[in-house]
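Excluded from the calculations below are hydrogen atoms, water molecules and symmetry mates; all remaining heavy atoms, backbone and side chain alike, are included. Convention: sequence-line order gives letters A, B, ...; per-chain numbering from 1.
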Number of protein chains: 2
Amino acid sequence: MEHMDHAEQKHTAIENVSAFLKLLGDPTRMTIVAILSRRECCVCELLEVFDVSQPSISQHLRKLKDANLVKEARKGQWIYYSLQPANPHYALLQEIVGRLPEPSVQLRTIEASQAANRCGNG
Amino acid sequence: MEHMDHAEQKHTAIENVSAFLKLLGDPTRMTIVAILSRRECCVCELLEVFDVSQPSISQHLRKLKDANLVKEARKGQWIYYSLQPANPHYALLQEIVGRLPEPSVQLRTIEASQAANRCGNG
DNA sequence: TGAATATATAAGCAAATAACTATATGGTGA
DNA sequence: TCACCATATAGTTATTTGCTTATATATTCA
């Protein structure tokens, strides 16, 4: 890059990767990503899995979305989140998730929950 | 595990991996790890690379050591740090470091520094 | 032994983080 | 339009983090 305009910030590759890893360095976000690697979910489904408030999940999703790690798709009143394969770190993310055990417990919790029915996925 | 004695804490695999990724989620520590993946270094060598105080580097190394990500070997008054291949996340660490550009700038800074001579590595 | 060097630890502080409650926004359907 | 639902945002707070300076510890060498 010849020069940097305006407030554009230069980021080294290391800063870039460590910012990405920092996002996965929170167990709630890591779990969300593991779940989304298996199927897209709306917020109310994810909510079934964790012992935290709805705003807390929304805020984690916001960070993942700001980093372009997940994308959202509105379907009626529900917003479905899924992984964003276009992310430059997507391959590494797959590597990491691949080393995790399957999030079977969480997926079963979601599938057994009322949330699935409410969201029209039952 | 049948039961947990004393204050032993149960940690899920996800908590375990995210704690590991959290450590690499700091650019200073990520850089230290990238450097150590190429050669062992003493603290005074690492110090040449960063714009932080010596205690700051020591504290980062402490965290990496507590997580068994690096090991130390005293050689006279110097303590050399290197990666700990016995760590269960070592393969993933290699994956991550392998996706980084070579830390050539840092290695050259170390090699060009007085530190190398002082530590008897020149 | 005592000075010099390398590293670690302690203590304190400002910034970042992740949670919460309260409230706003946006879509659905009577 | 209005009530209801899903989700987002705002504002607050307690905790964690990463840095600093000051000091302690360990090793070498004269």
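- Neither OP1 nor OP2 of D:dA8 sits under 4.0 Å from any side-chain N or O of A:Arg62.
- Using modelled atom types, one side-chain atom of B:Asn87 and one backbone atom of B:Asn68 make a donor-acceptor pair closer than 3.5 Å.
- Closest of all the heavy-atom pairs between A:Cys42 and A:Tyr80 is N-CD2, 3.7 Å.
- Counting only residues at least two apart or on different chains, the ring pair (Phe, Tyr, Trp, His ring centres under 6.0 Å) pairs with a member in residues 88-110 of chain B are B:Phe20-B:His89.
- Nucleic acid contact class of A:Phe50 (heavy atoms, under 4.0 Å, all strands): none.
- Listed by chain and number, the residues in a side-chain contact (heavy atoms from CB on, under 4.5 Å) with B:Leu47 are B:Gln54, B:Ile57 (sequence neighbours excluded).
- With sequence neighbours left out, the salt bridge (charged side-chain N to carboxylate O under 4.0 Å, His left out) criterion links A:Lys63 to no other residue.
- Per the geometry, CD1 belonging to B:Ile79 stands 8 Å off P belonging to D:dT27, to the nearest Å.
- Applying the salt bridge (Lys or Arg N to Asp or Glu O under 4.0 Å) test to every pair with at least one member in residues 80-98 of chain B, sequence neighbours left out, gives these pairs: B:Glu95-B:Arg99.
- For the pair A:Ser53 and C:dC20, the criterion of a side-chain N or O lying under 4.0 Å from OP1 or OP2 is met.
- When the nearest nucleotides of DNA chain C are assigned to B:Glu72 and A:Asp51 by heavy-atom distance, the more 5′-ward of the two goes with B:Glu72.
- One interatomic measurement links the two molecules: CD1 of B:Ile57 to P of C:dA6, which rounds to 15 Å at whole-angstrom precision.
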For nucleotides 13-18 of chain C, tabulate all protein N/O to nucleotide N/O atom pairs closer than 3.5 Å, reporting atom names and distance.
residue: C:dT17; atom: OP1; partner: A:Lys22; partner atom: NZ; Å: 2.7
residue: C:dA18; atom: OP1; partner: A:Arg29; partner atom: NH2; Å: 3.1
residue: C:dA18; atom: OP2; partner: A:Arg29; partner atom: NH1; Å: 3.2
residue: C:dA18; atom: OP2; partner: A:Lys63; partner atom: NZ; Å: 2.7

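- Residues satisfying the salt bridge (charged side-chain N to carboxylate O under 4.0 Å, His left out) test with B:Arg108, not counting sequence neighbours, are none.
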Pair up each side-chain donor or acceptor in residues 21-32 of chain B with any protein partner under 3.5 Å, not counting sequence neighbours, and list the distances.
residue: B:Asp26; atom: OD1; partner: B:Thr28; partner atom: N; Å: 2.9
residue: B:Asp26; atom: OD1; partner: B:Arg29; partner atom: N; Å: 3.0
residue: B:Arg29; atom: NE; partner: B:Leu23; partner atom: O; Å: 2.7
residue: B:Arg29; atom: NH1; partner: B:His60; partner atom: ND1; Å: 3.1
residue: B:Thr31; atom: OG1; partner: B:Pro27; partner atom: O; Å: 2.7

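- Among residues two or more places apart in sequence or in another chain, the salt bridge (charged side-chain N to carboxylate O under 4.0 Å, His left out) test is passed with A:Lys65 by A:Glu72.
- Listed pair A:Tyr81 / D:dA8 meets the phosphate criterion, a side-chain N or O lying under 4.0 Å from OP1 or OP2.
- Atom CG of B:Leu61 and atom C1' of D:dG18 are 14 Å apart (whole Å).
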(message) I'd like to compare against my own output: the B/S/- annotation of nucleotides 23-30 of chain C with a strict under-4.0 Å heavy-atom distance to protein.
(response) ----BS--

